[in-house]
> 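Please see the structure below; I have some questions.
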Amino acid sequence: MKSIDVRKPQPFDARDLAACQPVFDTLVKEAGIDKASEEAARIAAIVVELYRQGVRDPEHLRIMVEGARGLFGRQAVSSHAAA
């Protein structure tokens, strides 16, 4: 039988925001997205959700969000093209 975890999620506090903000800033800057756009709001929501699910490493967060939003490879492609 499956069990469901019904514990209340922990509040998202200033320390959590401080950990997520640089990831968000990097993602929108690299993708050329306006921070006030709907796409930026989606990115922020994904960053926070992944963080709440336990993804704490900034690089892992960035990679996962890039994959989820189809942003991955933009810099990697241009780096490989130059090589």
Side-chain angles (χ1 to χ4, degrees):
M1 174 182 267
K2 290 185 178 182
S3 62
I4 299 172
D5 186 0
V6 292
R7 290 179 286 175
K8 289 176 98 177
Q10 295 296 316
F12 193 80
D13 63 21
R15 289 173 297 184
D16 300 320
L17 179 60
C20 292
Q21 188 69 52
V23 176
F24 170 79
D25 291 341
T26 298
L27 286 163
V28 296
K29 181 180 178 185
E30 288 179 355
I33 297 169
D34 183 339
K35 286 186 178 184
S37 69
E38 287 184 33
E39 180 63 15
R42 288 184 200 99
I43 289 170
I46 295 169
V47 170
V48 169
E49 183 57 33
L50 289 171
Y51 186 87
R52 284 184 167 205
Q53 290 177 14
V55 181
R56 296 293 196 263
D57 181 83
E59 186 64 11
H60 288 148
L61 272 172
R62 186 187 61 76
I63 291 167
M64 292 177 79
V65 175
E66 285 176 343
R69 297 307 305 159
L71 303 172
F72 61 91
R74 290 183 182 184
Q75 285 194 326
V77 169
S78 50
S79 297
H80 292 323

> List for me each residue that meets side-chain hydrogen bond (donor to acceptor under 3.5 Å, both in side chains) alongside R56, sequence neighbours excluded, and say none if there are none.
none

> Which pair of non-hydrogen atoms, one from D16 and one from P11, has the smallest distance, and what is that distance?
OD2-O, 3.6 Å

> Could you work out, with side-chain hydrogen bond (donor to acceptor under 3.5 Å, both in side chains) as the rule, every residue matching Q21, not counting sequence neighbours?
D25

> Looking at E38, I'd like to know if its CD atom is crowded, meaning that more than 12 non-hydrogen atoms belonging to other residues, nucleotides or ligands lie closer than 6.0 Å.
no

> Using the salt bridge (charged side-chain N to carboxylate O under 4.0 Å, His left out) criterion, which residues pair with D34? Sequence neighbours excluded.
none

> What is the minimum heavy-atom distance between Y51 and L61, and which atoms define it?
N-CD2, 3.9 Å

> Give me the atom names and distance for the closest heavy-atom approach of A40 to F24.
O-CE1, 3.2 Å

> Drop me the distance from D57's CG to R62's CZ, to the nearest 0.5 angstrom.
10.0 Å

> Any side-chain heavy-atom pair from V65 and V23 closer than 4.5 angstrom?
no

> In Å, rounded to the nearest 0.5 Å, how long is the span from CG of L27 to CD of E39?
10.0 Å

